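Report on one structure; see the data block that follows.
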Number of protein chains: 2
Amino acid sequence: MEQGAARVVTPELKPVRQPLRQEVVDGIKAYILRNKLRPGDPLPTEPKLCEALGASRSSVREAIRILTALDIVEVRHGHGTYVGRLSLSALVESLTFRGLLSPDDDFQVMSDLIEVRELFERGMAERIVTTLTGDQVDYLQGLVDTMRGAGAGDGHGFVDADRAFHTLLVAPLGNDLMGQLSAAFWDVYVVVAPHLDVFTHEHEAATIANHDRIVDAVRTRDAAEFAAALSEHYAPVRRRIAEARARR
Amino acid sequence: MEQGAARVVTPELKPVRQPLRQEVVDGIKAYILRNKLRPGDPLPTEPKLCEALGASRSSVREAIRILTALDIVEVRHGHGTYVGRLSLSALVESLTFRGLLSPDDDFQVMSDLIEVRELFERGMAERIVTTLTGDQVDYLQGLVDTMRGAGAGDGHGFVDADRAFHTLLVAPLGNDLMGQLSAAFWDVYVVVAPHLDVFTHEHEAATIANHDRIVDAVRTRDAAEFAAALSEHYAPVRRRIAEARARR
DNA sequence: GCAAATTTGTCCGTATGTATC
DNA sequence: AGATACATACGGACAAATTTG
């Protein structure tokens with residue numbers, strides 16, 4: 001059946017140090033770029049890819065798995081293969097695992113995470129308070145009210161509203177990357193924090209009050225007050241991480 | 001051989017909608033966490049993983065491919081599988097492809113990238129000028145001299161020194177995540193920019209002069225001057241991106 | 001609603017390339 | 001150099017999910 005010998009077909013001068021599946025990965029990438037496909041567009045079926053790229057189904061499938069992990073490709077069982085959403089899901093996966101694998105000092109990951117998030121919002125203070133429209137500020141206020149309503153038992157709604165609040169804070173700046181990074185860091189924090197005995201919602205009342213203060217600062221276009229409110233908001237988060245670290 | 005029927009072995013109350021390979025992914029992750037393995041530590045061989053997780057080679061291999069894409073697992077052909085370095089390589093891959101898939105307006109990706117990098121360095125201005133030691137400043141100066149020496153022909157050395165310069169600028173802050181993100185963005189920029197007709201090294205002399213100015217600002221612990229030098233450094237980069245966008 | 005067709009998911013057996021001792 | 005252990009790759013078969021007639 002001349003199985004492994006099939007690769008002699010490619011007349012490469014340089015020895016093919018690259019695994020075949022990597023060539024398939026590059027081939028699928030090139031196909032998407034060449035045809036200028038968009039997220040959601042269909043890709044050829046596995047047999048078609050096998051023929052087009054000269055690889056067995058196993059190799060093609062492994063390549064698809066790699067591209068799926070990077071959200072470059074999306075697969076629907078029994079339906080087909082499509083161009084992925086190109087999200088930052090791989091970053092979330094990677095960072096989450098790094099946070100969970102904390103050996104001794106890995107509260108550093110969480111600390112770094114929060115610091116970058118705060119840097120985003122504080123560094124963009126002027127642009128945030130000048131850019132956000134009245135409607136957007138109203139929507140932020142609505143999210144804070146949602147947090148107030150969720151309150152005691154329903155931690156889920158509280159967390160979701162909190163995430164949406166900080167996402168919409170940076171979204172109007174027009175920097176999609178920053179918004180997606182901020183959201184990604186939040187997702188990592190939510191997953192990792194409970195495993196490290198970092199209590200995320202110890203003082204919900206104080207958190208809500210701080211969010212109110214942030215909204216007011218945006219409404220009055222007061223960048224300095226906005227930055228001050230952010231500091232007060234992030235301080236207890238940093239403190240909780242430090243406390244958890246001290247407990248070990 | 002009752003192939004697919006083997007999954008009935010797992011007595012799950014909830015219907016197992018998850019693909020088997022995803023269970024294998026989770027199983028390998030759990031194995032690493034349970035045994036508190038570190039990057040470089042060996043993992044069981046494929047046959048061992050098959051037996052331990054109750055899956056075929058195909059499923060185990062596909063799971064390994066996913067974990068390899070996330071740099072959670074690293075494979076050395078003919079040697080074995082090991083815990084990966086948990087780098088941000090997946091972010092680089094993902095963002096690079098997003099940048100290359102630019103449909104019409106995707107200079108936005110590059111613009112966002114540069115903006116975040118500048119935010120890192122400007123937002124950390126005070127800490128950078130107060131934290132860096134004399135030796136570190138000398139090393140930065142050495143990198144600028146390297147850029148000066150690389151100059152005309154050798155773009156490679158120039159680019160490497162430039163990358164090292166900005167990496168070491170934020171490295172001493174103790175926020176590994178920020179440093180890795182900054183480096184990752186740089187890698188994406190270097191790969192994507194040439195494909196978009198963004199000339200990265202148009203005025204090397206001006207770039208070198210700006211780096212000199214940045215070093216001087218750090219040496220004199222002048223945060224304001226440091227921020228001003230950064231603005232002047234990033235302005236032409238933004239301009240080049242805007243020009244390339246206009247050309248389309 | 002059902003059966004067929006399409007497509008991805010999983011399994012097995014085998015052969016080959018690579019690194020180590 | 002030979003032997004061993006391991007990952008890489010192939011091909012074929014069957015299972016499961018989805019769409020369509």
Side-chain angles (χ1 to χ4, degrees), chain A residues 1-10 12 14-28 31 40-69 71-84, chain B residues 1-10 12 14-28 40-69 72-84:
Chain A
M1 314 177 209
E2 51 110 18
Q3 300 187 161
R7 295 188 60 181
V8 205
V9 171
T10 48
E12 304 269 350
K14 285 290 175 185
V16 190
R17 283 262 169 268
Q18 233 184 167
L20 179 52
R21 66 166 168 283
Q22 189 57 48
E23 292 182 23
V24 177
V25 165
D26 295 338
I28 295 176
Y31 176 88
D41 288 350
L43 262 50
T45 64
E46 291 181 356
K48 294 273 185 61
L49 287 173
C50 293
E51 190 184 9
L53 300 172
S56 73
R57 190 155 169 236
S58 316
S59 298
V60 168
R61 283 183 58 79
E62 290 189 15
I64 290 177
R65 294 286 87 81
I66 293 174
L67 292 170
T68 303
D71 204 17
I72 292 175
V73 157
E74 186 183 340
V75 174
R76 271 176 275 176
H77 187 177
H79 194 256
T81 314
Y82 305 84
V83 179
Chain B
M1 316 179 206
E2 52 112 18
Q3 302 186 159
R7 294 187 59 180
V8 205
V9 171
T10 47
E12 303 269 351
K14 285 289 176 183
V16 190
R17 284 262 170 267
Q18 230 182 176
L20 179 53
R21 65 165 171 279
Q22 190 56 47
E23 292 182 22
V24 176
V25 164
D26 295 339
I28 295 175
D41 288 350
L43 263 50
T45 64
E46 289 182 358
K48 295 274 184 61
L49 288 173
C50 292
E51 189 184 9
L53 300 172
S56 71
R57 287 161 190 78
S58 315
S59 297
V60 168
R61 283 181 61 78
E62 290 188 13
I64 291 178
R65 294 285 88 81
I66 293 173
L67 292 170
T68 302
I72 291 176
V73 158
E74 187 184 340
V75 175
R76 270 176 278 175
H77 188 174
H79 196 258
T81 64
Y82 304 83
V83 178

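This is a predicted model, so every value here is computed, not measured. All values below were derived from every heavy atom in this structure, side-chain atoms included, with hydrogens, water molecules and symmetry-related copies excluded. In what follows, chains are A, B, ... by sequence order, proteins preceding strands, each numbered from 1.
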Notebook entry, point to check: Are the side chain of B:Thr68 and the backbone N or O of B:Ile64 linked by a donor-acceptor pair below 3.5 Å?
Noted result: yes

Item checked: B:Gln18 CD to C:dT10 P, straight-line distance once rounded to whole Å -> 10 Å

Would you list the protein and nucleotides 4-8 of chain C atom pairs, both N or O, that sit under 3.5 Å from each other?
unit_1, atom_1, unit_2, atom_2, d
C:dT8, OP1, A:Thr81, OG1, 2.9
C:dT8, OP2, A:Glu46, N, 3.1
C:dT8, O4', A:Gly78, N, 3.4
C:dT8, O2, A:His77, NE2, 3.0

Checklist line | Selection residues 56-69 of chain A - residue pairs positive for salt bridge (charged side-chain N to carboxylate O under 4.0 Å, His left out), sequence neighbours left out | finding: A:Arg21-A:Glu62, A:Glu46-A:Arg57, A:Glu46-A:Arg61, A:Arg61-B:Glu62, A:Glu62-B:Arg61, A:Glu62-B:Arg65, A:Arg65-B:Glu62

Checklist line | Rounded distance (Å) that lies between atom C1' of D:dG11 and atom CD of A:Glu51 | finding: 16 Å

Notebook entry, point to check: Expressed in angstrom and rounded to an integer, what is the separation of B:Glu74 atom CD from D:dA7 atom C1'?
Noted result: 14 Å

Notebook entry, point to check: Do the side chains of B:Ile66 and B:Ile72 get nearer than 4.5 Å, heavy atoms only?
Noted result: no

Note to self: Output the rounded distance in Å from CG (A:Leu49) to P (D:dC10).
What the structure shows: 14 Å

Item checked: Phosphate contact (C:dC11 OP1 or OP2) by B:Ser59 side-chain N/O below 4.0 Å -> yes

Checklist line | Between C1' of D:dT8 and CD of B:Glu62, the distance in whole Å | finding: 14 Å

Note to self: With a 4.5 Å cut-off on side-chain heavy atoms, are A:Val83 and A:Val73 touching?
What the structure shows: no

Notebook entry, point to check: Given atom CD1 of B:Ile64 and atom C1' of D:dT8, what is their separation to the nearest angstrom?
Noted result: 12 Å

Next item on the list: Would you mind telling me which of C:dC11, C:dG9, D:dC10 lies closest to the side-chain atoms of A:Leu20?
Entry: D:dC10

Check: Is B:Val24 close to B:Leu49 at the side-chain level, that is, under 4.5 Å between some pair of heavy atoms?
Finding: no

Check: Looking at side-chain heavy atoms only, is the closest gap between A:Thr45 and A:Thr81 below 4.5 Å?
Finding: no

